[in-house]
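Structure record follows, encoded as structure tokens.
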Amino acid sequence: MFTGIVEEMGRLCAIQKGPASARLTVEAHKIIQDVQLGDSIACNGVCLTVTDFTHDRFTADVMHETLARTSLGQLSPGQALNLER
């Protein structure tokens, strides 16, 4: 359950838009230490599911409707994100 307490500031590395969804890649350090595939991470308050990760980044798929209705759709690579497990 999310607490609303930001654990870390991440950075959007990339956003790859496809025909029905987009893929966000986010640089993180603390929040990713014990991450597993399928875990939820809130990004600017939007709950996203981890679909891939490395030692310092995670990737999540986002539907276009979510991009249109949240602040995630206004982000550009390099911008900061509030992250919460």
Side-chain angles (χ1 to χ4, degrees):
M1 181 174 193
F2 296 110
T3 63
I5 298 172
V6 174
E7 292 182 62
E8 176 180 8
M9 294 296 294
R11 184 180 62 85
L12 182 64
C13 296
I15 183 165
Q16 300 168 305
K17 294 185 179 180
S21 64
R23 178 166 287 180
L24 302 181
T25 301
V26 179
E27 180 182 13
H29 301 284
K30 177 182 177 184
I31 215 156
I32 205 164
Q33 290 175 357
D34 61 352
V35 76
Q36 300 293 320
L37 291 179
D39 283 356
S40 293
I41 296 178
C43 298
N44 285 359
V46 180
C47 180
L48 301 178
T49 302
V50 175
T51 57
D52 195 16
F53 64 92
T54 66
H55 72 282
D56 66 349
R57 294 177 183 197
F58 71 90
T59 301
D61 295 331
V62 183
M63 300 305 294
H64 284 296
E65 187 71 13
T66 302
L67 292 174
R69 295 185 179 269
T70 68
S71 65
L72 297 181
Q74 307 303 314
L75 293 174
S76 300
Q79 287 189 280
L81 292 163
N82 296 322
L83 302 178
E84 178 189 357
R85 279 182 278 203

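Keep in mind that this is a model prediction, so the values were computed, not measured. For the single chain, residues carry numbers from 1 onward in sequence order.
Annotation for G10 and V26: closest pair CA-CG1, 4.5 Å, computed over non-hydrogen atoms. C43 approaches L83 most closely through the heavy-atom pair SG-CD2, 3.7 Å. Taking both residues in full, the closest heavy atoms of K17 and H64 are given as CB-CE1, 4.4 Å, listed atom of the first, atom of the second, then distance. Taking all atoms of both residues into account, the shortest heavy-atom contact from S21 to M63 is CB-SD, 4.0 Å. Nearest heavy-atom pair across C13 and P77 is O-CB, 3.6 Å.
A heavy-atom distance below 4.5 Å is found between the side chains of L48 and L72. Between I41 and V35, some side-chain heavy-atom pair lies under the 4.5 Å cut-off. Between D56 and T54, the closest side-chain pair of non-hydrogen atoms falls below 4.5 Å.
Among the candidates D61, L75, L81, V62, the single residue satisfying the side-chain contact (heavy atoms from CB on, under 4.5 Å) test with L24 is V62.
With hydrogens and angles ignored, the 3.5 Å screen pairs a side-chain donor or acceptor of T51 with a backbone N or O of T59. Side chain of N82 to main chain of V6: no donor-acceptor pair is present (N/O by atom type, distance under 3.5 Å, no hydrogens or angles). At least one donor-acceptor pair under 3.5 Å links the side chain of E8 to the backbone N or O of H29. A donor-acceptor contact shorter than 3.5 Å links the side chain of Q79 to the backbone of S76.
Between the CZ atom in R85 and the CD1 atom in I32 there is a gap of 10.5 Å [rounded to 0.5 Å]. With rounding to the nearest 0.5 angstrom, the CD1 atom of I15 is 9.5 Å from the OG1 atom of T25. With rounding to the nearest 0.5 angstrom, the CD1 atom of I31 is 7.0 Å from the CZ atom of F58.
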